Amino acid sequence: MGASSPSAGTAPPSGGVVTRFAPSPTGFLHIGGARTALFNWLFARHHGGEFRLRIEDTDRARSTDEAIAAILDGMRWLQLDWDGEVVYQFSRAARHAEVAHALLDAGHAYRCYATPEELEAMRETARAEKRPMRYDGRWRDRTDHPEGQPHVIRLRAPQTGEVTIEDKVQGPVTVANAELDDMVLLRSDGTPTYMLAVVVDDHDMGVTHVIRGDDHLNNAFRQLAMIRALGWAEPVYAHIPLIHGSDGAKLSKRHGALGVDAYRDQLGLLPEALENYLLRLGWGHGDDEFISREQATGWFGLEGVGRSPSRFDMKKLESVNGQYLRAADDARLGALVAPRIESAIGRSFTAEDQQMLQRSMAELKKRAPDLNSLAGSAVFYFRSRPIPMDDAALRLLAQSPPGMLAAARAALAAIDPWSVEGLEAGVKALAETRGVKLGVLAQPLRAALTGAAQSPGLFEVMAALGRDDSLGRIDDALGIDLASARGASPANETMNAERARP
RNA sequence: GGUCCCUUCGUCUAGCGGUCUAGGACGUCGCCCUUUCACGGCGAAAACACGGGUUCGAUUCCCGUAGGGAUCACCA
């Protein structure tokens, strides 16, 4: 487990807004968690307050260090910086127990000796009668406590009346106290339950606004009962709707829900794109689609958060990503894409490669929806001869009128200087003398030079490749036995083929 | 099943009683640009779940119905 932090950290600031993101480290930082974190971050920053991070690792069996690392990594990637030290909930178990015992001493809690079998029996009858399972309070008023027997500590919750939460997103939500039972605060092994831990930690950390998924809305009523018994300040609640999959059900692995690391590595997204997409999912500011972090910080408010769950749309995310990709700095893109290409071609980049890559970005980024596609579209520059041909390229070569490529090769060999203008003039002249459209010449050339059917402008490609490599690649293509090449080629391994889809 | 929540184009949303013959974006389709694919430009199809109220007037307010969702542990 990670570093311990027995105290909840810095003292609660006076008056300011304090939000928190409190994931349990039982898996990666998923998309819903990322959005919750983003909303909390934005709300805190908007109000000039604090945004804290707490790892809820009280479930010892399911919490892992890998998950903690993944969550922190994801937060950093999304640039959701938190204030103060990370609070590890497990390390605060003693404080949680202390509060539970204070509640016990004050008569707001009691010891319950019901056995697991008794509880299971209660569950059975509840099921049979189609009622929700509720602890029947059999130890609530008993004083004949068996000495030394295992027991839990339960909250003595109000049984009549009702509670209303003025939720900032959901509005006022009222539930009858009769619907709630006496929840367990301290387990029989003395460890705190989640219900106890959140309340105590939120209080000790000075959290003023609890912004979380609305799967916690029901919990809020029970937590409020505890807060009131303790006489602590009640936080403002805002329960945001969950993100659903395309079928409308809560997003899960079944929908290919991935950790944010996968959005970065496998899907090749830019963090600002994911952030923008997540922000617009369930929140809006007029017709604005592209919102910078500065604008978001200035505009964000709980009033803008929708009350109905929204569906995750990969297509739109990709589109947003494409927009950010086109706007991104070429040097930055080159740096992000380089490792992907290096692993594809199996060698490290030289300084020259770096420059070539960076120069190619301006054109390539216009047609790439993500970093993987971008890498895939740039990789042909760095392949060593003979370069692999994909099926579409082979088809282009096969369909090209006989002699066309050879004629083009001859014309190109005579071109001087080897520049975009010179190349364009030469090839266009040849097309004219041959009486064919430019495309008839350009397509087989494109295939020969790039191994693909799509690429940036042909003349730019040739200019970048240089005379020797360009001519060499054409010679290689001329030598391909097209009759047997198709299908037998091991070469249609584009990076896109390796790209994982959610 | 109990409780709670939700319901505008396929999707994300704008709309906060009259400006709505309902706006934007993604996706889809068509056209233009063009050496390919994109990018870009132009255009099209596409929604207020249903039924009652309230009101001079409902997409906007209220109530039902239907549909969807969340939650019902000594998990978090």
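Below, chains carry the letters A, B, ... as their sequence lines are ordered, and counting in each starts from 1. Quantities reported herein were computed from a predicted structural model and do not represent experimental measurements.
If you take NE2 of A/H96 and P of B/rA76, they are 11 Å apart, rounded to a whole angstrom. One can place CG of A/D287 at 5 Å from C1' of B/rA14, the figure rounded to the nearest angstrom. Following rounding to the nearest Å, A/R326 (CZ) and B/rC39 (P) show an atom-to-atom distance of 6 Å.
At a threshold of 4.0 angstrom between heavy atoms, the contacts of A/H216 include nucleobase atoms, whether or not backbone atoms are also involved.
Using bins of under 30°, 30° to 60° and over 60° for the plane-to-plane angle, the ring pair A/F300/A/F39 lands in the tilted bin.
A/R446 contributes a side-chain N or O that forms a donor-acceptor pair with the base of B/rU35 under 3.5 Å.
A side-chain donor-acceptor contact under 3.5 Å links A/T193 to the backbone of A/V184. Panel note: side chain A/E118, backbone A/T115; a donor-acceptor pair is recorded below 3.5 Å. For A/R138 (side chain) and A/C112 (main-chain N/O), no donor-acceptor pair under 3.5 Å exists by modelled atom type.
The A/H244 side chain lies nearest to B/rG69 when the options are B/rG69, B/rC74, B/rU3. Distances from the side chain of A/R367 to the nucleotides B/rC74, B/rU3, B/rU36 place B/rU36 closest.
With a cut-off of 3.5 Å on both pairing distances, the Watson-Crick or G-U wobble partner of B/rC4 is B/rG69.
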